Colleague: 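Can you keep this structure in mind? I'll have questions shortly.
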Amino acid sequence: MVRLLASALLLASLAFAQDIPRPPKADTPYLIHAGNLVETETNDATDVSTEKEMRYAVEGATSTARTPLALPEFAIVPESLDPSVLELYRFEPINGRREILLKKKKKVMAEPYHLTALPSQQKGVYRLRVAQTLSPGEYCLTPQGANQVFCFTVF
């Protein structure tokens, strides 16, 4: 049993040590799929807030970037975008668009998922890891305080 656990840990560490492909575009997160990269959907979220709610929306009910992984990982080459300031949020599909309700009557409604940015073996390439399992749905990575979003779907 101990040998089996040690073997599993060794395999997991070797898998992490494997190099990831270099993303073709800087400042754009890419989903890592078994050595292949899938570009996230880059968009700008529109402020659709009211007096009592802080809400942002992206057109389209679903993202073109899709992953079956409940714990997705991303590769990014930062130039002007610091990977450590990226936050991960879940969208809700409403009336043909994806929306996120951040605040309602000054109460925080959406908390970001925890991300870890780690340098890869390749110079200038970072790996972003999600710390908790994502259920099927619409998600986005966004720099803190910005309207730019990088969308993807977990199915």
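In this text the structure is predicted, and so the values were computed from the model without any measurement.
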Colleague: Assess whether side-chain contact (heavy atoms from CB on, under 4.5 Å) is satisfied between Leu118 and Arg129, documenting all intermediate values.
Modeller: CA-CA 8 Å; Leu118 304 164; Arg129 285 192 159 170; 4.1 Å; yes

Colleague: Supply the members, apart from Val58, of the Ile/Leu/Val/Met/Phe/Trp/Tyr cluster built from side-chain contacts under 4.5 Å; use none for a lone residue.
Modeller: Met54, Tyr56, Tyr89, Phe91, Ile100, Leu102, Val149

Colleague: Considering only residues two or more places apart or on different chains, which pairs with a residue in residues 106-118 satisfy salt bridge (Lys or Arg N to Asp or Glu O under 4.0 Å)?
Modeller: none

Colleague: As an exercise, state the distance from OG of Ser120 to CZ of Arg22, rounded to the nearest 0.5 Å.
Modeller: 8.0 Å

Colleague: Looking at Ala61 and Pro93, what are the two nearest heavy atoms and their distance?
Modeller: O-CB, 4.1 Å

Colleague: Return the set of residues passing side-chain hydrogen bond (donor to acceptor under 3.5 Å, both in side chains) with Thr133 (not counting sequence neighbours), or none when no residue passes.
Modeller: none

Colleague: For Ser80, is there any backbone N or O sitting under 3.5 Å from a side-chain donor or acceptor partner on Asp27?
Modeller: yes

Colleague: Distance from Arg127 atom CZ to Thr116 atom OG1, nearest 0.5 Å?
Modeller: 12.0 Å

Colleague: I'd like to know whether Glu138 forms a side chain to side chain donor-acceptor pair (under 3.5 Å) with Ser63, so could you lay out the CA-CA distance, the side-chain angles of the two residues, the decisive distance to 0.1 Å, and finally the verdict.
Modeller: CA-CA 7 Å; Glu138 302 297 321; Ser63 176; 5.1 Å; no

Colleague: Any non-hydrogen side-chain atom of Ile20 less than 4.5 Å from a side-chain atom of Val125?
Modeller: yes

Colleague: Mind jotting down which residue pairs meet the salt bridge (Lys or Arg N to Asp or Glu O under 4.0 Å) criterion with at least one end in residues 36-48? Sequence neighbours excluded, please.
Modeller: Lys25-Glu39, Glu41-Arg98

Colleague: Any chance you could measure Thr40, atom OG1, to Arg66, atom CZ, to the nearest 0.5 Å?
Modeller: 15.0 Å

Colleague: Apart from Met109 itself, what residues make up its hydrophobic cluster when side-chain heavy atoms of I, L, V, M, F, W and Y under 4.5 Å apart count as a link, directly or indirectly?
Modeller: Leu101

Colleague: Going by ring pair (Phe, Tyr, Trp, His ring centres under 6.0 Å), name the pairs with one or both residues in residues 21-53, residues two or more places apart or in two chains.
Modeller: none

Colleague: Can you name the salt bridge (Lys or Arg N to Asp or Glu O under 4.0 Å) partners of Arg97, sequence neighbours left out?
Modeller: Glu99

Colleague: Taking only residues two or more places apart in sequence or in another chain, which ones pass side-chain hydrogen bond (donor to acceptor under 3.5 Å, both in side chains) with Ser84?
Modeller: Asp82

Colleague: What residues form a side-chain hydrogen bond (donor to acceptor under 3.5 Å, both in side chains) with Gln148, not counting sequence neighbours?
Modeller: none

Colleague: What verdict does the side-chain contact (heavy atoms from CB on, under 4.5 Å) test give for Thr42 and Thr28, after you've listed the backbone C-alpha separation in whole Å, the side-chain angles of each residue and the deciding distance to 0.1 Å?
Modeller: CA-CA 8 Å; Thr42 303; Thr28 301; 4.1 Å; yes

Colleague: Which ILVMFWY residues can you reach from Phe155 by hopping between side chains whose heavy atoms are under 4.5 Å apart?
Modeller: none

Colleague: Between Arg90 and Ser135, is there a side-chain donor-acceptor contact under 3.5 Å, judged purely by atom types and distance?
Modeller: yes

Colleague: Side-chain donor-acceptor pair under 3.5 Å between Thr142 and Glu87, yes or no?
Modeller: no

Colleague: State, to 0.1 Å, how close Pro78 and Pro83 come at their nearest heavy-atom pair, and which atoms those are.
Modeller: CB-CD, 3.7 Å

Colleague: In Å and rounded to the nearest 0.5 Å, what is the CG to OG1 distance from Asn43 to Thr64?
Modeller: 9.0 Å

Colleague: Run through the side-chain heavy atoms of Ile, Leu, Val, Met, Phe, Trp and Tyr, join any pair under 4.5 Å, and report what else lands in Leu141's cluster.
Modeller: Leu31, Val38, Phe74, Ile76, Leu81, Leu86, Leu88, Tyr113, Leu115, Tyr126, Leu128, Val130, Leu134, Tyr139, Phe150, Phe152, Val154

